[in-house]
Amino acid sequence: MGEMIAPKGLAGVVVDKTAIAITDSEGVLLYRGYRAIDLAEKAHFEDVAFLIVNGKLPSKSEKEAFIAKLKSGFGISEDINRVISILKEKDMMRALRSLVSMYPYRSKDQDDLMLEMASKFPELISNAFRLSRGMQPLNPIEGTYAERVYYLLTGKNDPKKARYLEELMILYMEHEFNASTFALRVTASTLADPVSAFTTALATLKGPLHGGANAEILEFFDGFKDVQEAIVYVDTQLQKGEKVMGFGHRVYKRLDPRAQFVKMKLRELAGDSKVVKIAEAIEQRMWEKKSIPANVDFFAALYMHLLGIQEDFYTPLFAASRVFGWCAHYKEQLSDNKLIRPDAQYVGPTGLKF
Ligand code: ACO
(Lines give C-alpha, C1' and ligand atoms only; values in the text may rest on other atoms or scores of the structure.)
Protein backbone atom coordinates (compact mmCIF):
# COMPACT_ATOMS: atom_id res chain seq x y z
CA MET A 1 0.00 0.00 0.00
CA GLY A 2 1.28 3.48 -0.87
CA GLU A 3 2.20 5.86 1.92
CA MET A 4 -0.40 8.41 3.04
CA ILE A 5 0.57 11.56 4.92
CA ALA A 6 -2.03 12.32 7.59
CA PRO A 7 -2.73 15.91 8.64
CA LYS A 8 -1.14 17.13 11.85
CA GLY A 9 -2.93 15.86 14.94
CA LEU A 10 -4.87 13.40 12.71
CA ALA A 11 -7.45 16.20 12.28
CA GLY A 12 -10.31 15.00 10.11
CA VAL A 13 -8.85 11.51 9.67
CA VAL A 14 -11.21 8.59 10.29
CA VAL A 15 -8.99 5.93 11.87
CA ASP A 16 -11.51 3.20 12.73
CA LYS A 17 -15.19 2.40 13.19
CA THR A 18 -17.12 2.76 16.43
CA ALA A 19 -20.70 1.99 17.44
CA ILE A 20 -20.43 3.82 20.78
CA ALA A 21 -20.85 7.52 19.99
CA ILE A 22 -20.93 9.96 17.11
CA THR A 23 -20.20 13.69 17.04
CA ASP A 24 -20.24 16.19 14.20
CA SER A 25 -19.19 19.79 13.62
CA GLU A 26 -22.79 21.06 13.80
CA GLY A 27 -23.24 19.83 17.37
CA VAL A 28 -24.62 16.31 17.13
CA LEU A 29 -23.67 13.97 19.96
CA LEU A 30 -25.30 10.55 20.04
CA TYR A 31 -24.62 7.80 22.57
CA ARG A 32 -25.45 4.43 20.99
CA GLY A 33 -28.00 6.25 18.80
CA TYR A 34 -29.65 8.38 21.54
CA ARG A 35 -29.11 12.13 21.87
CA ALA A 36 -26.74 12.62 24.80
CA ILE A 37 -28.69 15.74 25.81
CA ASP A 38 -31.94 13.74 26.10
CA LEU A 39 -30.17 11.16 28.22
CA ALA A 40 -28.70 13.86 30.46
CA GLU A 41 -32.14 15.38 30.90
CA LYS A 42 -34.15 12.22 31.42
CA ALA A 43 -31.97 9.27 32.40
CA HIS A 44 -29.90 8.24 35.39
CA PHE A 45 -26.16 7.84 35.29
CA GLU A 46 -26.47 4.07 35.84
CA ASP A 47 -28.77 3.65 32.80
CA VAL A 48 -26.44 5.62 30.55
CA ALA A 49 -23.34 3.82 31.84
CA PHE A 50 -25.04 0.50 31.09
CA LEU A 51 -26.02 1.76 27.63
CA ILE A 52 -22.50 2.91 26.82
CA VAL A 53 -20.83 -0.26 28.09
CA ASN A 54 -23.38 -2.80 26.78
CA GLY A 55 -24.83 -1.10 23.70
CA LYS A 56 -28.47 -1.06 24.85
CA LEU A 57 -30.57 0.43 27.63
CA PRO A 58 -31.00 -1.97 30.55
CA SER A 59 -34.17 -3.85 31.47
CA LYS A 60 -35.25 -3.52 35.11
CA SER A 61 -33.41 -6.69 36.13
CA GLU A 62 -30.32 -5.79 34.08
CA LYS A 63 -30.24 -2.41 35.77
CA GLU A 64 -30.48 -3.98 39.22
CA ALA A 65 -27.68 -6.40 38.40
CA PHE A 66 -25.54 -3.57 37.00
CA ILE A 67 -26.06 -1.44 40.11
CA ALA A 68 -25.22 -4.45 42.30
CA LYS A 69 -22.03 -4.95 40.31
CA LEU A 70 -21.04 -1.32 40.73
CA LYS A 71 -21.80 -1.51 44.44
CA SER A 72 -19.66 -4.62 44.84
CA GLY A 73 -16.71 -2.49 43.73
CA PHE A 74 -17.33 0.19 46.38
CA GLY A 75 -14.85 0.46 49.24
CA ILE A 76 -11.14 1.16 49.38
CA SER A 77 -8.89 -1.24 51.26
CA GLU A 78 -6.84 -0.14 54.24
CA ASP A 79 -3.68 -0.93 52.25
CA ILE A 80 -4.65 1.54 49.53
CA ASN A 81 -5.57 4.16 52.09
CA ARG A 82 -2.13 3.68 53.61
CA VAL A 83 -0.52 4.19 50.18
CA ILE A 84 -2.58 7.36 49.76
CA SER A 85 -1.45 8.61 53.16
CA ILE A 86 2.18 7.96 52.25
CA LEU A 87 1.89 9.56 48.80
CA LYS A 88 0.23 12.72 50.20
CA GLU A 89 -0.31 13.74 46.57
CA LYS A 90 -2.19 17.04 46.39
CA ASP A 91 -2.92 16.88 42.65
CA MET A 92 -5.92 14.59 42.36
CA MET A 93 -5.25 13.56 38.74
CA ARG A 94 -1.72 12.49 39.65
CA ALA A 95 -3.10 10.61 42.65
CA LEU A 96 -5.81 8.89 40.61
CA ARG A 97 -3.40 7.97 37.81
CA SER A 98 -0.90 6.49 40.30
CA LEU A 99 -3.51 4.57 42.28
CA VAL A 100 -5.18 3.12 39.18
CA SER A 101 -1.79 2.05 37.78
CA MET A 102 -1.24 -0.11 40.89
CA TYR A 103 -4.60 -1.84 40.66
CA PRO A 104 -4.33 -5.64 41.03
CA TYR A 105 -5.67 -7.25 37.87
CA ARG A 106 -4.44 -10.80 37.46
CA SER A 107 -6.96 -13.66 37.33
CA LYS A 108 -9.96 -11.35 37.02
CA ASP A 109 -12.50 -11.27 34.23
CA GLN A 110 -11.64 -8.13 32.22
CA ASP A 111 -15.19 -6.77 31.98
CA ASP A 112 -15.71 -7.19 35.74
CA LEU A 113 -12.31 -5.68 36.43
CA MET A 114 -13.10 -2.57 34.36
CA LEU A 115 -16.43 -1.96 36.10
CA GLU A 116 -14.86 -2.59 39.49
CA MET A 117 -12.12 -0.05 38.77
CA ALA A 118 -14.59 2.46 37.33
CA SER A 119 -16.81 2.24 40.39
CA LYS A 120 -13.85 3.02 42.65
CA PHE A 121 -12.82 6.27 40.94
CA PRO A 122 -15.05 8.57 43.07
CA GLU A 123 -13.87 7.06 46.35
CA LEU A 124 -10.23 7.04 45.26
CA ILE A 125 -10.43 10.75 44.50
CA SER A 126 -12.32 11.53 47.69
CA ASN A 127 -9.94 9.55 49.90
CA ALA A 128 -6.87 10.95 48.14
CA PHE A 129 -8.15 14.48 48.72
CA ARG A 130 -9.07 13.95 52.35
CA LEU A 131 -6.15 11.80 53.51
CA SER A 132 -3.58 14.07 51.86
CA ARG A 133 -5.06 16.91 53.90
CA GLY A 134 -5.22 15.06 57.21
CA MET A 135 -8.96 14.33 57.07
CA GLN A 136 -10.56 10.92 57.54
CA PRO A 137 -12.26 9.24 54.53
CA LEU A 138 -16.03 9.60 54.36
CA ASN A 139 -18.28 6.64 55.07
CA PRO A 140 -20.35 5.74 52.01
CA ILE A 141 -24.05 6.61 51.83
CA GLU A 142 -26.92 4.79 50.17
CA GLY A 143 -28.45 6.45 47.12
CA THR A 144 -27.99 6.77 43.39
CA TYR A 145 -24.51 6.71 41.85
CA ALA A 146 -24.59 10.50 41.48
CA GLU A 147 -25.73 11.02 45.09
CA ARG A 148 -22.84 8.90 46.25
CA VAL A 149 -20.39 10.85 44.07
CA TYR A 150 -21.77 14.19 45.22
CA TYR A 151 -21.45 13.13 48.85
CA LEU A 152 -17.90 11.82 48.38
CA LEU A 153 -16.82 15.11 46.81
CA THR A 154 -18.62 17.57 49.08
CA GLY A 155 -19.45 15.69 52.28
CA LYS A 156 -23.09 16.67 51.70
CA ASN A 157 -26.03 14.40 51.08
CA ASP A 158 -28.02 16.63 48.71
CA PRO A 159 -30.11 14.75 46.13
CA LYS A 160 -31.10 17.95 44.29
CA LYS A 161 -27.52 19.08 43.69
CA ALA A 162 -26.52 15.48 42.98
CA ARG A 163 -29.07 15.44 40.18
CA TYR A 164 -27.49 18.56 38.65
CA LEU A 165 -24.12 16.88 38.89
CA GLU A 166 -25.53 13.71 37.33
CA GLU A 167 -26.53 15.62 34.19
CA LEU A 168 -22.99 16.86 33.71
CA MET A 169 -21.52 13.44 34.47
CA ILE A 170 -23.70 11.91 31.76
CA LEU A 171 -22.44 14.48 29.26
CA TYR A 172 -18.84 13.82 30.25
CA MET A 173 -19.25 10.06 29.85
CA GLU A 174 -18.40 9.46 26.21
CA HIS A 175 -17.05 11.25 23.15
CA GLU A 176 -15.85 8.78 20.50
CA PHE A 177 -12.14 9.12 19.55
CA ASN A 178 -11.15 12.00 21.85
CA ALA A 179 -7.49 12.07 22.88
CA SER A 180 -7.76 10.00 26.09
CA THR A 181 -9.99 7.38 24.50
CA PHE A 182 -7.78 7.10 21.44
CA ALA A 183 -4.74 6.74 23.70
CA LEU A 184 -6.57 3.99 25.58
CA ARG A 185 -7.33 2.25 22.28
CA VAL A 186 -3.67 2.40 21.26
CA THR A 187 -2.74 0.71 24.54
CA ALA A 188 -5.56 -1.84 24.22
CA SER A 189 -4.42 -2.62 20.67
CA THR A 190 -1.13 -3.95 22.06
CA LEU A 191 -3.25 -6.39 24.15
CA ALA A 192 -2.17 -4.66 27.34
CA ASP A 193 -4.50 -5.17 30.31
CA PRO A 194 -7.31 -2.71 31.22
CA VAL A 195 -5.31 -1.28 34.13
CA SER A 196 -2.57 -0.18 31.73
CA ALA A 197 -5.14 1.15 29.28
CA PHE A 198 -6.94 3.19 31.97
CA THR A 199 -3.60 4.55 33.18
CA THR A 200 -2.79 5.72 29.65
CA ALA A 201 -6.21 7.31 29.34
CA LEU A 202 -5.91 9.11 32.67
CA ALA A 203 -2.48 10.45 31.78
CA THR A 204 -3.85 11.80 28.51
CA LEU A 205 -7.02 13.26 29.99
CA LYS A 206 -4.92 15.25 32.45
CA GLY A 207 -3.51 17.62 29.80
CA PRO A 208 -4.94 21.17 29.70
CA LEU A 209 -5.86 20.90 26.01
CA HIS A 210 -8.17 18.02 26.96
CA GLY A 211 -9.80 17.19 30.34
CA GLY A 212 -7.38 19.37 32.28
CA ALA A 213 -8.99 22.48 30.75
CA ASN A 214 -11.84 22.52 33.26
CA ALA A 215 -9.35 23.00 36.12
CA GLU A 216 -7.96 26.17 34.50
CA ILE A 217 -11.16 28.16 33.96
CA LEU A 218 -11.77 29.50 37.46
CA GLU A 219 -8.18 30.66 37.63
CA PHE A 220 -8.87 33.50 35.21
CA PHE A 221 -12.62 33.78 35.70
CA ASP A 222 -12.45 34.44 39.45
CA GLY A 223 -10.52 37.65 38.93
CA PHE A 224 -13.21 39.46 36.89
CA LYS A 225 -15.06 42.25 38.66
CA ASP A 226 -17.45 42.78 35.77
CA VAL A 227 -18.24 42.01 32.13
CA GLN A 228 -15.91 44.74 30.89
CA GLU A 229 -12.88 43.20 32.61
CA ALA A 230 -13.72 39.81 31.12
CA ILE A 231 -13.91 41.27 27.60
CA VAL A 232 -10.57 43.02 28.06
CA TYR A 233 -9.09 39.67 29.15
CA VAL A 234 -10.40 37.91 26.03
CA ASP A 235 -9.15 40.65 23.72
CA THR A 236 -5.73 40.67 25.39
CA GLN A 237 -5.35 36.89 25.17
CA LEU A 238 -6.26 36.93 21.50
CA GLN A 239 -3.95 39.86 20.74
CA LYS A 240 -1.10 37.94 22.39
CA GLY A 241 -2.01 34.88 20.29
CA GLU A 242 -2.86 32.92 23.44
CA LYS A 243 -5.78 30.62 24.06
CA VAL A 244 -8.80 31.22 26.23
CA MET A 245 -9.33 27.95 28.08
CA GLY A 246 -12.73 26.36 27.66
CA PHE A 247 -13.03 27.45 24.02
CA GLY A 248 -12.53 25.57 20.81
CA HIS A 249 -12.90 21.94 19.90
CA ARG A 250 -11.48 19.60 17.32
CA VAL A 251 -14.93 18.44 16.20
CA TYR A 252 -17.47 21.10 17.23
CA LYS A 253 -16.78 24.14 15.10
CA ARG A 254 -20.14 25.88 15.55
CA LEU A 255 -21.41 24.66 18.90
CA ASP A 256 -20.71 22.05 21.54
CA PRO A 257 -24.16 20.72 22.50
CA ARG A 258 -22.90 19.80 25.96
CA ALA A 259 -21.78 23.38 26.59
CA GLN A 260 -25.18 24.76 25.58
CA PHE A 261 -26.96 22.30 27.87
CA VAL A 262 -24.72 23.07 30.84
CA LYS A 263 -25.15 26.80 30.18
CA MET A 264 -28.92 26.35 30.38
CA LYS A 265 -28.51 24.47 33.66
CA LEU A 266 -26.17 27.15 34.94
CA ARG A 267 -28.92 29.71 34.36
CA GLU A 268 -31.34 27.45 36.26
CA LEU A 269 -28.90 27.36 39.18
CA ALA A 270 -27.69 30.94 39.18
CA GLY A 271 -30.38 32.95 37.34
CA ASP A 272 -29.23 36.20 35.81
CA SER A 273 -26.29 36.49 38.20
CA LYS A 274 -22.91 38.13 37.61
CA VAL A 275 -21.27 34.75 36.89
CA VAL A 276 -23.77 33.98 34.15
CA LYS A 277 -23.53 37.46 32.64
CA ILE A 278 -19.73 37.35 32.53
CA ALA A 279 -19.71 33.81 31.11
CA GLU A 280 -22.12 34.75 28.34
CA ALA A 281 -20.17 37.92 27.57
CA ILE A 282 -16.96 35.91 27.17
CA GLU A 283 -18.77 33.40 24.97
CA GLN A 284 -20.16 36.18 22.78
CA ARG A 285 -16.79 37.95 22.51
CA MET A 286 -14.99 34.75 21.48
CA TRP A 287 -17.58 34.20 18.79
CA GLU A 288 -17.43 37.81 17.52
CA LYS A 289 -13.63 37.88 17.45
CA LYS A 290 -12.68 34.34 16.37
CA SER A 291 -15.91 32.38 15.68
CA ILE A 292 -14.80 29.88 18.31
CA PRO A 293 -17.55 28.30 20.43
CA ALA A 294 -17.37 27.53 24.14
CA ASN A 295 -16.72 23.87 24.86
CA VAL A 296 -18.31 21.90 27.69
CA ASP A 297 -15.45 22.62 30.09
CA PHE A 298 -16.03 26.38 30.11
CA PHE A 299 -19.52 26.16 31.57
CA ALA A 300 -18.82 22.93 33.47
CA ALA A 301 -16.17 24.59 35.63
CA LEU A 302 -18.57 27.37 36.66
CA TYR A 303 -21.35 24.84 37.15
CA MET A 304 -19.30 22.59 39.42
CA HIS A 305 -18.22 25.67 41.36
CA LEU A 306 -21.85 26.64 41.93
CA LEU A 307 -22.59 23.08 43.03
CA GLY A 308 -20.00 23.51 45.77
CA ILE A 309 -17.40 21.16 44.28
CA GLN A 310 -13.72 21.94 44.90
CA GLU A 311 -11.63 22.76 41.84
CA ASP A 312 -9.25 19.87 42.65
CA PHE A 313 -12.01 17.47 41.64
CA TYR A 314 -12.94 18.93 38.25
CA THR A 315 -10.73 16.83 35.99
CA PRO A 316 -10.95 13.69 38.18
CA LEU A 317 -14.73 13.99 38.08
CA PHE A 318 -14.53 14.10 34.28
CA ALA A 319 -12.43 10.91 34.52
CA ALA A 320 -14.96 9.26 36.85
CA SER A 321 -17.59 9.73 34.13
CA ARG A 322 -15.47 9.09 31.02
CA VAL A 323 -14.16 5.85 32.50
CA PHE A 324 -17.41 4.14 31.45
CA GLY A 325 -16.72 5.24 27.87
CA TRP A 326 -13.21 3.84 28.24
CA CYS A 327 -14.67 0.46 29.33
CA ALA A 328 -16.73 0.36 26.13
CA HIS A 329 -13.82 1.40 23.90
CA TYR A 330 -11.46 -1.14 25.43
CA LYS A 331 -13.99 -3.88 24.64
CA GLU A 332 -14.71 -2.52 21.16
CA GLN A 333 -11.02 -2.28 20.29
CA LEU A 334 -10.41 -5.88 21.30
CA SER A 335 -13.51 -7.15 19.52
CA ASP A 336 -11.84 -6.39 16.16
CA ASN A 337 -8.26 -5.64 17.04
CA LYS A 338 -5.36 -4.51 14.91
CA LEU A 339 -2.24 -3.04 16.44
CA ILE A 340 -2.35 0.76 16.10
CA ARG A 341 1.05 1.69 14.80
CA PRO A 342 1.33 4.51 12.26
CA ASP A 343 4.42 5.43 10.28
CA ALA A 344 6.46 8.61 10.61
CA GLN A 345 7.92 10.87 7.97
CA TYR A 346 11.61 11.09 8.85
CA VAL A 347 13.00 14.62 8.65
CA GLY A 348 16.23 14.13 10.64
CA PRO A 349 19.79 13.80 9.36
CA THR A 350 21.15 10.73 7.61
CA GLY A 351 24.62 9.43 6.83
CA LEU A 352 26.36 10.79 9.94
CA LYS A 353 29.62 8.95 10.74
CA PHE A 354 30.15 7.68 14.30
N1 ACO B 1 -8.58 30.38 22.36
C2 ACO B 1 -8.11 31.14 21.35
N3 ACO B 1 -7.86 30.67 20.12
C4 ACO B 1 -8.15 29.38 19.89
C5 ACO B 1 -8.67 28.54 20.90
C6 ACO B 1 -8.89 29.09 22.17
N7 ACO B 1 -9.36 28.36 23.16
N8 ACO B 1 -8.85 27.31 20.40
C9 ACO B 1 -8.47 27.35 19.13
N10 ACO B 1 -8.04 28.61 18.83
C11 ACO B 1 -7.54 29.08 17.54
C12 ACO B 1 -6.09 28.67 17.35
O13 ACO B 1 -5.22 29.61 17.88
C14 ACO B 1 -6.03 28.56 15.85
O15 ACO B 1 -5.98 29.86 15.33
P16 ACO B 1 -5.14 30.19 14.01
O17 ACO B 1 -5.76 29.35 12.93
O18 ACO B 1 -5.34 31.66 13.86
O19 ACO B 1 -3.73 29.79 14.32
C20 ACO B 1 -7.39 28.00 15.48
O21 ACO B 1 -8.27 28.44 16.50
C22 ACO B 1 -7.42 26.48 15.40
O23 ACO B 1 -7.02 25.97 16.67
P24 ACO B 1 -6.28 24.61 16.90
O25 ACO B 1 -5.67 24.63 18.27
O26 ACO B 1 -5.39 24.30 15.75
O27 ACO B 1 -7.53 23.63 16.85
P28 ACO B 1 -7.54 22.16 17.30
O29 ACO B 1 -8.71 21.51 16.69
O30 ACO B 1 -6.21 21.53 17.07
O31 ACO B 1 -7.67 22.32 18.89
C32 ACO B 1 -8.34 22.47 21.09
C33 ACO B 1 -8.74 22.04 19.66
C34 ACO B 1 -7.04 21.81 21.49
C35 ACO B 1 -9.45 22.02 22.04
C36 ACO B 1 -8.19 24.01 21.13
O37 ACO B 1 -9.38 24.61 20.72
C38 ACO B 1 -7.75 24.51 22.50
O39 ACO B 1 -6.56 24.48 22.82
N40 ACO B 1 -8.72 24.95 23.38
C41 ACO B 1 -8.39 25.37 24.71
C42 ACO B 1 -8.26 24.18 25.65
C43 ACO B 1 -9.59 23.54 25.97
O44 ACO B 1 -10.55 24.22 26.31
N45 ACO B 1 -9.62 22.19 25.90
C46 ACO B 1 -10.82 21.42 26.21
C47 ACO B 1 -11.35 20.75 24.97
S48 ACO B 1 -12.90 20.00 25.24
C49 ACO B 1 -12.57 18.59 26.05
O50 ACO B 1 -11.51 18.02 26.03
C51 ACO B 1 -13.71 18.07 26.87
Side-chain angles (χ1 to χ4, degrees), residues 44-46 48-50 53 66-105 108 111-159 161-163 165-166 168-170 172-173 194-195 198-199 201-203 205-206 211 215 304 307-327:
H44 279 293
F45 187 85
E46 294 89 329
V48 185
F50 185 97
V53 174
F66 187 69
I67 290 174
K69 195 167 255 181
L70 292 179
K71 279 192 175 163
S72 69
F74 292 179
I76 303 294
S77 72
E78 272 315 304
D79 284 350
I80 295 293
N81 280 339
R82 261 199 299 280
V83 172
I84 294 174
S85 301
I86 293 165
L87 282 177
K88 286 199 177 54
E89 177 55 67
K90 290 268 183 353
D91 177 322
M92 290 306 105
M93 276 307 279
R94 283 169 59 106
L96 183 62
R97 189 194 56 203
S98 304
L99 295 166
V100 166
S101 74
M102 292 187 293
Y103 206 81
Y105 64 88
K108 276 190 191 159
D111 291 356
D112 286 349
L113 168 67
M114 285 193 284
L115 281 188
E116 190 182 284
M117 272 197 290
S119 68
K120 286 195 193 298
F121 273 32
E123 227 164 327
L124 283 173
I125 307 159
S126 174
N127 288 15
F129 181 83
R130 296 180 69 83
L131 288 167
S132 66
R133 287 162 177 79
M135 294 184 275
Q136 281 307 302
L138 291 166
N139 289 319
I141 54 159
E142 286 298 319
T144 65
Y145 199 79
E147 284 164 13
R148 173 174 169 270
V149 173
Y150 188 77
Y151 175 72
L152 285 167
L153 303 189
T154 63
K156 295 188 181 114
N157 189 353
D158 185 332
K161 286 201 173 137
R163 175 62 198 146
L165 178 65
E166 184 168 37
L168 176 63
M169 288 185 71
I170 290 173
Y172 264 149
M173 197 184 295
V195 174
F198 280 18
T199 308
L202 281 166
L205 186 74
K206 187 175 183 297
M304 287 189 272
L307 289 176
I309 296 168
Q310 295 261 6
E311 219 175 325
D312 309 70
F313 289 129
Y314 291 4
T315 316
L317 189 58
F318 186 163
S321 313
R322 184 60 55 88
V323 65
F324 289 92
W326 294 340
C327 294

Please find the pair of heavy atoms, one from [X] and one from [Y], that lie closest to each other, and give the distance.
X: G73; Y: K120; result: O-NZ, 2.5 Å
X: M304; Y: L168; result: CG-CD2, 3.7 Å
X: A49; Y: F324; result: CB-CD2, 3.7 Å

With [X] via side-chain hydrogen bond (donor to acceptor under 3.5 Å, both in side chains) - residues at least two apart:
X: E311; answer: none
X: E89; answer: R94
X: D112; answer: K69

Drop me the distance from [X]'s [atom1] to [Y]'s [atom2], to the nearest 0.5 angstrom.
X: L124; Y: I76; atom1: CG; atom2: CD1; result: 4.0 Å
X: F129; Y: I84; atom1: CZ; atom2: CD1; result: 13.0 Å
X: L131; Y: N81; atom1: CG; atom2: CG; result: 5.0 Å
X: L153; Y: L165; atom1: CG; atom2: CG; result: 7.0 Å
X: E46; Y: F66; atom1: CD; atom2: CZ; result: 8.0 Å
X: C327; Y: E116; atom1: SG; atom2: CD; result: 11.5 Å

For this session: Could you give me the CA-CA distance, side-chain angles and deciding distance for I125 and L152, then say whether side-chain contact (heavy atoms from CB on, under 4.5 Å) is met?
Result: CA-CA 8 Å; I125 307 159; L152 285 167; over 6 Å; no
Problem set entry | side-chain contact (heavy atoms from CB on, under 4.5 Å) between Y314 and M92, worked out | CA-CA 9 Å; Y314 291 4; M92 290 306 105; over 6 Å; no
Checking [X] now: which residues fulfil salt bridge (Lys or Arg N to Asp or Glu O under 4.0 Å) with it, not counting sequence neighbours?
X: E142; value: K71
X: R148; value: E123
X: D158; value: none
X: R163; value: E166, E167

Exercise. Going through the distances and angles, do V53 and D111 end up as a side-chain contact (heavy atoms from CB on, under 4.5 Å)?
Worked result: CA-CA 9 Å; V53 174; D111 291 356; over 6 Å; no
Tell me every residue that passes side chain to side chain contact (heavy atoms under 4.5 Å, CB included) with [X], counting only those two or more places apart in sequence or in another chain.
X: S321; result: F45, M169, Y172
X: K156; result: Y150, T154
X: V195; result: Y103, Y105, L113, M117, D193, T199

Problem set entry | Pairs flagged by salt bridge (charged side-chain N to carboxylate O under 4.0 Å, His left out) wherever residues 129-139 is involved - sequence neighbours left out | R133-D312
For this session: Apply ring-ring contact (aromatic ring centres under 6.0 Å, His included) to Y151 and list each qualifying residue two or more places apart in sequence or on a separate chain.
Result: none
For this session: Anything under 30° is parallel, anything over 60° is perpendicular, the rest tilted; go ahead and classify F121 against W326.
Result: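 Aromatic pair F121/W326 classed perpendicular.
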For this session: Quick one: do L96 and T315 satisfy side-chain contact (heavy atoms from CB on, under 4.5 Å)? Show the steps, please.
Result: CA-CA 10 Å; L96 183 62; T315 316; over 6 Å; no
Exercise. So, does K206 use its side chain to make a donor-acceptor pair with the main chain of G211 at under 3.5 Å?
Worked result: no
